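Everything quoted here is computed from the prediction, not taken from an experiment. As the structure lists them, so they are numbered: ligands from 1, and atoms in each ligand from 1.
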Amino acid sequence: MGSNDTSLSSTMEHRLWVFAGCSSLLGMLAKSAAGIETSSDAGLSTLAILSAYVLADLATGIYHWGIDNYGDDKTPLFGPQIDAFQGHHKRPWTITKRDFSNNIHSLARPATIFLVPVLVATPGSGPVDAFLGVFLGCVVFSQQFHSWAHTRRSQLPGVVRALQDLGVLVSTRMHGKHHREPFDGNYCIVSGVWNRVLDSSGVLRLAERWIYSNWGYAPRCWSDSSPEWSQQGSYFED
Ligand SMILES: [Zn+2]
Ligand SMILES: [Zn+2]
């Protein structure tokens, strides 16, 4: 997806990371279920699952805002993701042509690295394990939800269309605004429920001004004419 990366196919490495990530996520959910002993544990775990789903949307929004606006492909650690998201703004529809593992492996990798030690070295706790499994699951799969938001409705499976219409997954209509001027909002890509909060509260503009006044870094969204926003091709596949 990056400016320099034109490959849309999954490699064996991509598939292995996705397999490891999905196995770790399922392991967390199994560990969570095994840790539920009382009805109060079950209640807390349900609350944890709902909170994780809601907060994962906020996390994707803040992360997406960060990598859309700061750094470049040479930034330590985050460079490949920054490059990928800048490439996505130039050629949005290509995300729908990515193989599944090609699209989500870069999120499956850190999730696996975090989850494996948690799985093997921490005592089981139903609610905590449920929170971590669902939160990281939503974050890892957010790139698939993002891809569906770039797919024409007529080409989406009926269940995905229904989930978008219900607001369970971010919709094409909502995410489409992210790819239009002034390129400074609608960053969340799980359900999109936090987009209104982040955009209407002005909290991101406040953070941008704080970063600029303390460190001198201006975000890319302050300039609509920044080359990073110049789109080559359409939101959907032509
Ligand atoms: Zn973006
Ligand atoms: Zn997009």
Participant: Stepwise, does the salt bridge (Lys or Arg N to Asp or Glu O under 4.0 Å) test hold for Arg220 with Glu208?
Facilitator: CA-CA 10 Å; Arg220 274 185 278 278; Glu208 288 158 7; over 6 Å; no
Participant: First locate atom CG of Asn186, then atom CG of Asn195, and finally report the distance between them rounded to the nearest 0.5 Å.
Facilitator: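 Result: 4.5 Å between the selected atoms.
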Participant: Can you give the angle His178 NE2 - the Zn ion (ligand 1) - His64 NE2, rounded to 10°?
Facilitator: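 Answer comes to 90°, rounded to 10°.
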Participant: Hey, what's the angle at the Zn ion (ligand 2) spanning NE2 (His88) and NE2 (His150), nearest 10 degrees?
Facilitator: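 Angle NE2(His88)-the Zn ion (ligand 2)-NE2(His150): 90°, rounded to 10°.
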Participant: Strictly under 2.8 Å, is any N, O or S atom of His175 next to the Zn ion (ligand 2)?
Facilitator: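 His175 does place an N, O or S atom closer than 2.8 Å to the Zn ion (ligand 2).
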Participant: State whether His179 contributes an N/O/S atom found under 2.8 Å from the Zn ion (ligand 1).
Facilitator: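 Short answer: no, not a single N, O or S atom is under the cut-off.
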Participant: Where does the angle between the aromatic ring planes of Phe141 and Phe100 fall among parallel (under 30°), tilted (30 to 60°) and perpendicular (over 60°)?
Facilitator: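 Plane angle between 30° and 60°, so tilted.
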Participant: Are any side-chain N or O atoms of Ser171 and backbone N or O atoms of Gly167, one a donor and one an acceptor, separated by less than 3.5 Å?
Facilitator: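 Not a single qualifying donor-acceptor pair exists.
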Participant: So, of the N/O/S atoms that Asp68 has, which is the nearest one to the Zn ion (ligand 1)?
Facilitator: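 Of the nitrogen, oxygen and sulfur atoms in Asp68, the Zn ion (ligand 1) lies nearest to OD2.
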Participant: Hey, what's the ring geometry for His146 with His64, parallel, tilted or perpendicular (30° and 60° as the breaks)?
Facilitator: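 Ring orientation, 0 to 90° scale: tilted.
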